[in-house]
S.K.: 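One structure is given below, represented as structure tokens, and several questions about it will come after.
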Amino acid sequence: MPELPEVETTLHGASPTLLHQPLTGVTIRVPKLRLPTPNAANIQGQTVINLERRAKYILAHLSNHTTLLLHLGMSGRLTINKPALEKNDHILLQTPKGTITFTDPRRFGLFLHLPTSQLASHPLLKNLGPEPLGATFTTSYLHQALQKKSTAIKPTLMDNHIVVGVGNIYASESLFRSHIHPQTRAHQLTKSHLNQLIKHIKQTLTDAIKAGGSSLKDFTHSNGQLGYFQSQFNVYGRENQPCHRCQTKIKKITQAQRATFFCPTCQKL
DNA sequence: CTGAGCACCTGAGGGC
DNA sequence: TGCCCTCAGGTGCTCA
């Protein structure tokens with residue numbers, strides 16, 4: 001999937017087609033993604049009055065006090081004005097500016113239609129931690145949040161209760177930049193470690209957003225262009241290749257059933 | 001409450 | 001060519 005930078009890039013890519021536009025055509029071609037999909041008739045004709053991102057969700061607020069909640073899952077993608085309908089094109093949103101197609105082969109994505117007033121208390125949203133790029137994601141917050149966490153820092157960074165939007169790629173990349181070993185127990189990190197970590201999470205995500213998101217197998221910009229942050233990865237996907245900093249071979253391990261990449265020399269336990 | 005493991009699902013790529 | 005295995009960006013549920 002798309003991690004936070006890809007979601008952010010997708011949102012910006014789709015915005016000119018959707019924002020302040022009426023949804024003149026809505027086609028929903030799949031009964032359920034991760035959860036059942038809504039009835040197109042309830043969405044059609046509404047105008048998109050605002051677009052925002054929360055964690056990896058894209059929220060499209062509609063004129064009738066309802067909101068479309070979109071999550072790209074692992075393999076979801078939005079494309080503008082796709083020339084032909086293909087397999088796994090699940091949802092089409094048409095406005096006078098163009099058509100947005102939501103494609104998601106694995107169907108781990110989400111498309112829900114909810115009253116806007118219910119968003120804050122919705123089970124998927126109510127327990128989310130702070131935004132990594134927000135002002136409340138600080139060293140003292142993280143220190144407090146990790147105090148009782150004896151789990152390894154890498155999977156902990158991917159826990160949405162602690163902080164949202166840090167996925168498998170950027171967790172590894174941020175830890176590398178911070179010189180922190182991914183297996184370090186979260187509560188053992190000092191404030192100085194956490195200060196570095198916060199700084200590098202923000203920096204890594206910001207760099208990736210500037211670069212237009214990473215271009216992994218299933219991700220392209222909404223306009224079809226490829227992001228190029230991928231070429232800047234220091235550790236992710238680089239098993240056995242030399243560390244950019246010290247030439248040691250990058251190691252791959254498994255944590256919480258997910259691949260973790262790190263440099264055993266630069267990142268000490 | 002916590003942490004570990006499994007679940008959802010398709011498609012790409014490697015080995016034989 | 002084809003079969004089988006493993007792996008992939010996420011995240012919520014169940015069970016011990």
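Below, chain A is the first sequence line, B the second, and so on; all start at residue 1.
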S.K.: Expressed as a whole number of angstroms, how long is the span from Met158(A):CE to dA8(C):P?
M.R.: 11 Å
S.K.: So does Asp89(A) pair up with Lys82(A), basic N to acidic O under 4.0 Å?
M.R.: yes
S.K.: For dG10(C), take OP1 and OP2 only and decide whether either is under 4.0 Å from a side-chain N or O of Arg258(A).
M.R.: yes
S.K.: For Lys87(A), report the nucleic acid contact type (base, sugar-phosphate, nothing); a contact means any heavy atom under 4.0 Å.
M.R.: sugar-phosphate
S.K.: Hey, does Thr95(A) have a side-chain heavy atom less than 4.5 Å from the side chain of Leu23(A)?
M.R.: yes
S.K.: In this structure, how many angstroms lie between the C1' atom of dT11(C) and the CG atom of Leu69(A), rounded?
M.R.: 13 Å
S.K.: If you measure from the Lys or Arg side-chain nitrogens to the Asp or Glu carboxylate oxygens, is any gap between Glu131(A) and Arg54(A) under 4.0 Å?
M.R.: yes
S.K.: Would you kindly give the NE2-to-P distance between His122(A) and dT11(C), to the nearest whole Å?
M.R.: 15 Å
S.K.: Verify the distance criterion only: is there a donor paired with an acceptor across the side chains of Thr79(A) and Thr101(A) at less than 3.5 Å?
M.R.: no
S.K.: With rounding to whole Å, what would you report as the distance between dG12(C) and dG11(B) at their P atoms?
M.R.: 24 Å
S.K.: Among Gln255(A), Gln183(A), His181(A), Lys251(A), which residue meets the side-chain hydrogen bond (donor to acceptor under 3.5 Å, both in side chains) test with Thr260(A)?
M.R.: Gln255(A)
S.K.: Would Phe108(A) count as stacking on dC9(B) if stacking means ring centres less than 5.5 angstrom apart and planes tilted under 30 degrees?
M.R.: no
S.K.: Quick one: Arg106(A) CZ to dA8(C) P, roughly how many Å, whole number?
M.R.: 10 Å
S.K.: Do Gln44(A) and Thr24(A) come close enough that some side-chain heavy atom pair is under 4.5 Å?
M.R.: no
S.K.: Using whole Å, report how far OH of Tyr236(A) lies from P of dC7(C).
M.R.: 12 Å
S.K.: Would you classify Asn88(A) as touching base, sugar-phosphate or nothing, given that sugar-phosphate means primed atoms plus P, OP1 and OP2, and contacts are heavy atoms under 4.0 Å?
M.R.: sugar-phosphate
S.K.: So what does Ala256(A) touch, heavy atoms closer than 4.0 Å: a base, only the sugar-phosphate, or nothing?
M.R.: nothing
S.K.: Can you give the dot-bracket line for DNA chain B, where a pair is Watson-Crick or G-U wobble with both atom distances under 3.5 Å, crossing pairs use [ ], and | marks a partner on another strand?
M.R.: .|||||||.|||||||
S.K.: Would the base of dC9(B) count as contacting Arg107(A) through its side chain, where contact means a donor and an acceptor less than 3.5 Å apart?
M.R.: no
S.K.: Between Arg53(A) (CZ) and dG10(C) (P), how many Å, whole number?
M.R.: 14 Å
S.K.: Using a cut-off of under 3.5 Å, enumerate the N/O to N/O pairs linking the protein to nucleotides 1-3 of chain B.
M.R.:
unit_1	atom_1	unit_2	atom_2	d
dG3(B)	OP2	Lys149(A)	NZ	3.1

S.K.: Taking atom types as modelled, find out whether Arg245(A) and His179(A) have a side-chain donor-acceptor pair closer than 3.5 angstrom.
M.R.: yes
S.K.: Regarding Ser178(A) and His193(A), do their side chains bring together a donor and an acceptor under 3.5 Å, going by distance alone?
M.R.: no
S.K.: Rounding to a whole Å, what distance do you find between Met74(A):CE and dC7(C):P?
M.R.: 13 Å
S.K.: Please report the distance, rounded to the nearest Å, between CD1 in Ile169(A) and P in dC7(C).
M.R.: 17 Å
S.K.: Within 45 degrees of the axis of the six-membered ring of Phe176(A) and under 6.0 Å from its centre: does Arg238(A) put its NZ or CZ there?
M.R.: no
S.K.: Compare the minimum distances between each of dG12(C), dG10(C), dC7(C) and the side chain of Lys252(A), then state the nucleotide with the smallest one.
M.R.: dC7(C)
S.K.: When you measure from the side-chain N and O atoms of Arg34(A) to the phosphate of dG12(C), is any distance below 4.0 Å, counting only OP1 and OP2?
M.R.: yes
S.K.: Measuring only between side-chain heavy atoms, which start at C-beta, is Leu62(A) closer than 4.5 Å to Leu68(A)?
M.R.: yes
S.K.: Hey, does the side chain of His71(A) come within less than 4.0 Å of dG10(C)'s phosphate (OP1/OP2), counting only N and O?
M.R.: no
